[in-house]
Every structure is written in C-alpha cells, then in structure tokens.
S.K.: 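Have a look at this one before I ask anything.
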Amino acid sequence: MSTIEFQIKELSAEEASFSFSPKDLEDIKPYPFHGEIIGQPRAIKALNMGIRIPGKGYNMFVSGDPGSGRTSAVFHTLKKAPGRPEKIRDIVCLHNFIKPDQPSILYLPPGSGNELAQFMRGFSQRLQALIAGLCADTARAIQEGNEDEGKTPSGEQPVSKEDPWAELPEERSKPESSSISMKSSPQRDSSSDTPDSSLRKLNAFPEKEKQQILKQVRELLDEGRKKFPQDRMQTYFSQLLEDLKEDIDLFTDAEAGSIRNAPFFQRYMVNILVDHQDTEKPPIIYEHNPTSSNLFGFIDTRGDSREDVPLPFLTIRSGAFMDASGGYLILNADDILKEENLWDQVKRVLNTGEITLHNFSGSTSALPTGVKPDPAAIDIKLIALGDEDLYDELSEKDPDFHKLFKISAEFDYTLKLTEKNIGKYIGFIQMVADDEQLRPVSLSGAAEILRYGCFLVEQRNYLSTQFSKIADTLREGNYWAEELGLPEIDRQAILKTLEERSYLSNLSESKIIDQILSGETLVHLDGKKVGMVNALAVLDRGEYSFGIPAVITATVAPGNEGIVNIEHEAGLSGEIHDKGLLILEGYLRKMYARNFPLSIYSGICFEQSYAEIDGDSASSSELYALLSAIGDVPIRQDIAVTGSVNQMGELQPVGGINEKIMGFYALCERRGLTGHQGVIIPDKNIENLVLPDSIIEAVRNRKFHIYPARTINEGMQILSHRQAGERNSKGLFPVHSINRLIENRLKHLYEISRQQN
C-alpha cells in the first residue's frame, strides 16, 4: 500500500503472478488418454441424444471454438453409436427402358449392388454371345442359298447352336465394366439402321431364331428374379424383356453374321452410386468442400463428341448426402452459407428426405439437358459445425432452423481446474509426445503448458479446451528443445516456444510502438494532461493478439447537446461503444446533477484512430477523460487504463486483460522503465491475470505497477493523486475533492447555458 491523503491499492508481485509448481504435479496421477473427450459432458450428452432419437428434425448443430476438439468429439461419439443396419442400402441407377431420360434409382441390401452389376455384365456377355452365334448361322444359310453370287461368307467363325454361351472372339468378349462408362451411345441411333424396309427385313433374324433368343433370355432373367426379389427389380426385368422383344433387330446384321450395334448393350450396365459391400457400421462422411454438386450429386453429360456421350443413367453421380444415407453427414455451417442458396437446398433435403439431381453446370454435351432421374431417398443425421455467433444468428433469423436442428451440442472453451482435470491434461500431453515420438515432457514443462492453458482462457481457475493449440505448443517445444540441446521438453523449451511464437507474429505491434516512439503517433508517457487519458485496446492479427495504448480526449463547453461521440458522428462507432457513451451521461446525472439540469456539450474522441471502434472496455477511460475535462483536473499519462463502467460508477471486468498489460509494458520497456509507469485494471480482473515473468519481475522491483480499482473514484485518485471525495451526511462533497470541483463546474455550465437561453 502507498498513502497520500487516501490509500491506493497496488498489486504485489505475488498477487500479480500465477504459475504451477512442478512439485505440486508430482502427486497428480496422469490419466491415460485414448481419444476420449475431456471436459465436455453437456456436448457429449447432447450428441448421444441426437444420435439415438430417430424422429425427424433431430439433426445436430455443434458449436464451439475451432481447436476445442469438437470435430474429434463428433467422430469419437459417432463411432461408438449403435448401428442401424436396416438403414444401410446400396443405391444403383439403371436404364429406364420406357423413359430413357428418366433413369431409375433403386435401393438394394448392402453388397447387392455389386452382385447386380456382375449379374448384368454376365447377362450382357451371354446375350451377345448368343446373338453372335445365331447371326453367324443365319449369315451362312443366307450365303449358301445365294448361288448366283458365289461368294464365300466373311466374318466370324460360327458359334455352335449347341453351345450358345460360348466365349466371343477376344475383341467382343471383353467384359463390360460395372462402373460408369463414358463411351456409350445415349440413345438408339437410327442412322445406323438401314432405312430401306426390305433390306432391314432381309438382314433381320428369322422369327424362329428370335424366339430362341428370347427363350434363353427369359431363363436367364428368371435367375435374376430369384436373386433380386425386390418389386422394382421385378419390374426392371419385365421391362428389359419387353424392350428386347421390340429392339432385337436394331443391333443385329444377320447377313453380315455380326453384331451391328454393340454399344446398344451398355443399357444393361449398372451404375453403382453407393456401394456398401464392405460397410459394417453406419457411414460417417465429412464433406470438407460442400458445394451443391459435392453434396447432392449431379448429372455429368460431358463428352468430347456425340459418340462419347453416355446413356442418361450412366451420367448420374452421387454426392455426400447419398453417400451418407443410413449414417451421418458432417458439414461446416460457415461453408454452406458461403454459396448462394446452398443453405436452402440443404434444408429442402432435410425436410423432404429426397435429393433431386440437376445437370452439371459445366456440361458441353450434345445430349439434351432434360435428364431427370428419380428423386433419391436418403435417411441421414446431419451434424453442422459452427461457432456460437452463427448459432445465435441462425436461431434469430431462420424460422426453420430449430425445426431441423433440434439438438444443440455446445462445446465449452474452458475446463475447470481440478486435480482430476489436471491429470487428464497431463495424460493428453504424454499421449501427444508418445504418438509423435517427441522428447519426454518434464514436470516443469507440463507445469508451463498448464499455465499456458490458463492464459488462453484468461482464467486462473480454468484451462483451455483448445487442445490443438496445446499440441502445437508441444511440437514447437520439441523443436526448441532440440535447438537448445535439451533432453526434455522442459519449462525453458516452452518459454522459448512462446517467446519465439510472439516474435514471429508481432511485426505489426513492433511497427506501432516504433510510430509512438518516433512521435508519428502522439502518445504521452509522462507528465499530466487535462482531458486526456491513455486507454488500453487489443488488436487481433490472426491467432496473435496484442495490446496498444489509444489516446482518448474530451472537451467540455456549455450547451444542451450532452456527450457527443465523435466516432459515432464519423460512422466509426459500434453499437456497444455507443451504449457505453450513453452510460456516461447516466453516471453524471446520478453522481452530480441531482438538483440541477445537466447542461453540457462534450466531445469525446479516439485520437488518430480511423477504424471502427466497438466494445465498452474503454468506457471507464472515456469517463476519466471527461471528468478531468469537466473539473480541469490534470491526470497522469504514464498510467494506462482499461475497464467498463456502469451508471453507478462501478468498474466491470473486461477481456484481453493480459494482452493489454503486456502491450503497454512492451511500450514502456522500449521507451525506458521509469519506475512510475503502470496500469489501472478493474479489481474483478485480478483472477484473469496470467502474466509473463518479465512483468512480474518489474512489479517486484517496483519498475512497473498494476493498480486494481473497484470504482471510478478510486481510478481518479490514482490518476490525479487527489482525493475523489464522498458525500457527507448533508449530501456535500469535501471542499477540495475532485468531485466537489466537478459538481461546481457542472453547476457553472448550467448557469451559463441558462443565461444564454
């Protein structure tokens, strides 16, 4: 404590410091870490409930900071979820013999898609072999009866009728692939048929041979009906037979003894969209690039020429929704909202349970664009990842959001500091070191990592759940341990990691300090000024945040305009900052203008600031500048201040407290520590202090000071070295107090304003 006419509270080095002792960790047993989730009981319970409730709309929105382990937690929970074998189905696309431009989507038991593809491939090969053999026989008969021509028949060697399934010659017996082909004819090409009806009749099969082919086809399809008893498969086989009855002449040339339109047989292929042959558990799909085509699939009709264009049913491509059917689809909500109308498409699929595929936008195919396959029925649980702000925005602006996402799994960014959780933290540290073959982590290294975990959340009683940052610190600590020749990742290695990480990221901070020291940016670091105070602000540059002083000035004159926020007038003030300025007027009325009107014109400004300002952490700084200007009271420039204030004059805690102190200390250290510099912080922020050793040592040596204050009065006393003053039983402030000066000046301004009016 130091004493003038009043007491000023100053933090000692012990009060300002916070650390873990390696000795304290000796008795804490590390918990072996095997991928389980640490410290997220609410989120895990929400995920488990969403997974197990089958009702419509029980999709999940998972909110939390990136790096908090939310994605790992989702995968870990889903992998332990009970199976839903009845929901898992192969999805195939087949040729529609009645309406070719409307391909059929069918659903089969897992593995049946491949079985069907193999069966239809064998069917196509056997059909071609049968037709080729009969073509050869018919052609030979035609040629033998043509005595006038006297020509020897050309073409393939005949295939015996006794063995209609014999292998085709090599160039025609190559098995058709069951996967998607880009080399087939889209429709029956009538240009390849002889237009002359008598010639077509001459080259066509005799009726007897046709019936022989159809009989063999029926027998083969009967085998298919037994293997695939589904109603839609029965319909498919019936339509195939009818189509073959009508079109058998279109692809045969009896006189030539060969198959004239081989691409015709590609209509018997199977386009397997989703294959669950080897699937044992519900599929889990994480689509990292959720475009419309990647999510819903598309119709790909691209081809280099008309001959390359596939049949419509071969152009269908599946997307993530179809691939995840029967399981879970994970998406990043921010990515969905970036593409126009994509969010509406996602909601439509969740509402209807169906996907309608569209033509691929980049298609240059000669095919008509009217391909319209059956809607694909899907049954999934969607897990959307996002932060809390996005969840709040969707809740407020999208009336469908809570109907479709009835489960909110919110991941906490903090973990309460208990012995058990410390053990889990150390277990995680050891797991990363072992899995990645890093150097061993000593107790001093673990203690410093725990301290860093508290720094990340600015809480002495909590640890950060951003385990990705903890793992990164270990990896970098291993690098610096190697550079320093250390056998372990100890405290020195971790401190070096944090120091170098700051150095690599603080170029902007260094430039700002250079501008202040050169006088380019006007910041006074000594003496006293009226109506001017150094406020502490935080700037973010990606993952790196740093504090800088911002000069706030206030001017006062008679008038009725009240407090004018110059930033607001210039369009550079956010709503929260505007609210903070309105609170200042409330404080003036409550504190001083009890029996007279508040008649004042005051302009408050952030000097040399040209970016938008928001937040209320500077409201106490603005009030100090305003009170200094009203009472004509000089205040210290070697002390920077932060904290928000309410209408009662109580200081409220703010965020970024460590960065703010570290930023002002860095400036003072570059300028030269005088032993008088320091900061005023809200008393409630003491529990948030996790400061580096350099600042603690400066506090211990009284080279730098940290003043905790509970009220504006306490802050004004520190800044002015004058007593603020409290009202006595008669309601009067002490004669020489700051508050008496301010009250008298406000009365004087009122009198001037009244006379002017």
S.K.: State whether a side-chain donor-acceptor pair under 3.5 Å links Ser545 with Asp540.
M.R.: yes
S.K.: Quick check against the 3.5 Å criterion: does Ser444 have a side-chain atom that pairs as donor or acceptor with the backbone of Arg491?
M.R.: yes
S.K.: Compare every heavy atom of Phe455 with every heavy atom of Glu659, then report the nearest pair and how far apart it is.
M.R.: OE2-CZ, 4.2 Å
S.K.: Looking only at the side chains, is there a donor atom on one of Thr497 and Glu476 sitting less than 3.5 Å from an acceptor on the other?
M.R.: no
S.K.: Quick one: closest heavy-atom pair of Lys660 and Gly655, and the distance?
M.R.: NZ-O, 3.3 Å
S.K.: Go through the structure and list residues passing side-chain hydrogen bond (donor to acceptor under 3.5 Å, both in side chains) with Thr521, not counting sequence neighbours.
M.R.: none
S.K.: For Glu743 and Arg727, run salt bridge (charged side-chain N to carboxylate O under 4.0 Å, His left out): C-alpha distance rounded to whole Å, both residues' side-chain angles, the deciding distance at 0.1 Å, then the answer.
M.R.: CA-CA 11 Å; Glu743 184 176 57; Arg727 292 187 186 274; 2.8 Å; yes
S.K.: Shortest non-hydrogen contact from Trp480 to Ala493?
M.R.: CB-O, 4.2 Å
S.K.: Side-chain donor-acceptor pair under 3.5 Å between Ser694 and Glu697, yes or no?
M.R.: no
S.K.: Within a reach of under 6.0 Å around NZ of Lys590, are more than 12 heavy atoms found that belong to other residues, nucleotides or ligands?
M.R.: yes
S.K.: Ignoring hydrogens and geometry beyond distance, is a side-chain donor-acceptor pair present between Glu726 and Asn713 at under 3.5 Å?
M.R.: yes
S.K.: Who pairs with Phe20 by ring-ring contact (aromatic ring centres under 6.0 Å, His included), at least two apart in sequence or on another chain?
M.R.: Phe18
S.K.: Mind checking what makes salt bridge (Lys or Arg N to Asp or Glu O under 4.0 Å) contact with Asp578, not counting sequence neighbours?
M.R.: none
S.K.: Under 6.0 Å from the CZ atom of Arg710, do we count more than 12 heavy atoms belonging to anything else shown?
M.R.: no
S.K.: Just to verify, what does His705 make a side-chain contact (heavy atoms from CB on, under 4.5 Å) with, not counting sequence neighbours?
M.R.: Glu10, Arg702, Tyr707
S.K.: Please check this pair: side chain of Asp387 against backbone of Leu390, looking for a donor-acceptor N/O pair closer than 3.5 Å.
M.R.: yes
S.K.: Would you please say whether a donor-acceptor pair under 3.5 Å links the side chains of Arg501 and Thr473?
M.R.: yes
S.K.: Decide yes or no for Met532 and Val551: does some side-chain heavy atom of the first lie under 4.5 Å from some side-chain heavy atom of the second?
M.R.: yes
S.K.: Donor-acceptor pair, Ser644 side chain versus Ser617 backbone, under 3.5 Å?
M.R.: no
S.K.: With a sphere of 6.0 Å drawn around NZ of Lys528, does it hold more than 12 non-hydrogen atoms of other residues, nucleotides or ligands?
M.R.: yes
S.K.: Can you confirm if the aromatic rings of His748 and Phe596 lie within a centre distance of less than 6.0 Å?
M.R.: no
S.K.: Name all residues meeting the side-chain contact (heavy atoms from CB on, under 4.5 Å) criterion together with Asp24; count only those two or more places apart in sequence or in a different chain, and write none if there are none.
M.R.: Ser21
S.K.: I'd like to know whether Ile563 forms a side chain to side chain contact (heavy atoms under 4.5 Å, CB included) with Leu626, so could you lay out the CA-CA distance, the side-chain angles of the two residues, the decisive distance to 0.1 Å, and finally the verdict.
M.R.: CA-CA 9 Å; Ile563 298 175; Leu626 178 61; 3.5 Å; yes
S.K.: Before giving the answer on salt bridge (charged side-chain N to carboxylate O under 4.0 Å, His left out), spell out for Asp514 and Arg670 the whole-Å C-alpha distance, their side-chain angles and the decisive distance to 0.1 Å.
M.R.: CA-CA 9 Å; Asp514 289 342; Arg670 286 274 303 273; 2.4 Å; yes
S.K.: Which pair of heavy atoms, one from Val533 and one from Ala625, lies closest together, and at what distance?
M.R.: CG1-CB, 3.9 Å
S.K.: Salt bridge check, Glu575 against Lys579: does any charged N sit closer than 4.0 Å to a carboxylate O?
M.R.: no
S.K.: Can any side-chain N or O of Asn701 pair as donor or acceptor with the backbone N or O of Lys703 at less than 3.5 Å?
M.R.: no
S.K.: Under 3.5 Å, side chain of Arg439 to main-chain N/O of Leu486, donor-acceptor pair present?
M.R.: yes
S.K.: Would you check, one step at a time, whether the test ring pair (Phe, Tyr, Trp, His ring centres under 6.0 Å) holds for His676 with Phe704?
M.R.: CA-CA 7 Å; His676 301 292; Phe704 193 77; over 10 Å; no
S.K.: Listed by chain and number, what are the side-chain hydrogen bond (donor to acceptor under 3.5 Å, both in side chains) partners of Thr418, not counting sequence neighbours?
M.R.: Asn421
S.K.: Is any side-chain heavy atom of Gln492 closer than 4.5 Å to a side-chain heavy atom of Lys496?
M.R.: no
S.K.: Could you tell me whether a side-chain N or O of Ser505 sits under 3.5 Å from a main-chain N or O of Ser502, the two making a donor and an acceptor?
M.R.: no
S.K.: Quick one: does any side-chain atom of Asn461 pair with a main-chain N or O of Leu417 as donor and acceptor, under 3.5 Å?
M.R.: no
S.K.: Crowded around Tyr544 OH? As in, over 12 foreign heavy atoms under 6.0 Å?
M.R.: yes
S.K.: Does the side chain of Gln459 come within less than 4.5 Å of Lys416's, by heavy atoms?
M.R.: no
S.K.: Closer than 4.0 angstrom, basic N to acidic O: yes or no for Arg671 and Asp526?
M.R.: yes
S.K.: Do Glu458 and Ile657 have side-chain heavy atoms sitting under 4.5 Å apart?
M.R.: yes
S.K.: Can you find a heavy atom in the side chain of Ile604 that is under 4.5 Å from one in the side chain of Thr555?
M.R.: no
S.K.: Are the side chains of Ile513 and Ser510 in touch, meaning some heavy atoms are under 4.5 Å apart?
M.R.: no
S.K.: So Leu746 and Ile630, do their side chains get closer than 4.5 Å, heavy atoms only?
M.R.: yes
S.K.: For the pair Glu15 and Lys9, find out whether any cationic side-chain nitrogen is under 4.0 Å from an anionic carboxylate oxygen.
M.R.: yes
S.K.: Give a yes-or-no answer on whether the side chains of Glu607 and Thr553 include a donor-acceptor pair shorter than 3.5 Å.
M.R.: yes
S.K.: Checking Val679 against Tyr665 for the side chain to side chain contact (heavy atoms under 4.5 Å, CB included) test, could you report, in this order, the C-alpha distance in whole Å, the side-chain angles of both residues, the deciding distance, and whether it holds?
M.R.: CA-CA 9 Å; Val679 294; Tyr665 175 81; over 6 Å; no
S.K.: For Tyr587 and Tyr592, take the angle between the two ring planes, folded into 0 to 90°, and tell me which bin it lands in: parallel under 30, tilted 30 to 60, perpendicular over 60.
M.R.: perpendicular
S.K.: Show the numbers, then the answer: is there a side chain to side chain contact (heavy atoms under 4.5 Å, CB included) between Ile639 and Asn534?
M.R.: CA-CA 7 Å; Ile639 293 179; Asn534 288 327; over 6 Å; no
S.K.: Tell me if a side-chain donor or acceptor on Asn739 pairs with a main-chain N or O of Ala724 at a distance below 3.5 Å.
M.R.: yes
S.K.: Step through the shown structure and confirm whether more than 12 heavy atoms of other residues, nucleotides or ligands are within 6.0 Å of NZ on Lys469.
M.R.: yes
S.K.: Less than 6.0 Å separating the ring centroids of Phe467 and Tyr425?
M.R.: yes
S.K.: Under the criterion side chain to side chain contact (heavy atoms under 4.5 Å, CB included), I'd like the reasoning laid out for Leu443 against Glu26: C-alpha separation, chi angles, the key distance, then a yes or no.
M.R.: CA-CA 7 Å; Leu443 287 177; Glu26 290 178 355; 3.4 Å; yes
S.K.: Phe606 and Glu622: which non-hydrogen atoms are nearest, and at how many Å?
M.R.: CE1-OE2, 3.4 Å
S.K.: Are the side chain of Asn685 and the backbone N or O of Asn688 linked by a donor-acceptor pair below 3.5 Å?
M.R.: no
S.K.: Between Arg70 and Glu410, is there a side-chain N and carboxylate O pair less than 4.0 Å apart?
M.R.: no
S.K.: Could you report the tightest heavy-atom contact between Ile635 and Tyr624, atom names first, then the distance?
M.R.: CD1-O, 4.2 Å
S.K.: Does Leu495 reach the side chain of Glu448, with side-chain heavy atoms less than 4.5 Å apart?
M.R.: yes
S.K.: Counting heavy atoms not belonging to Arg42, are there more than 12 under 6.0 Å from its CZ?
M.R.: no
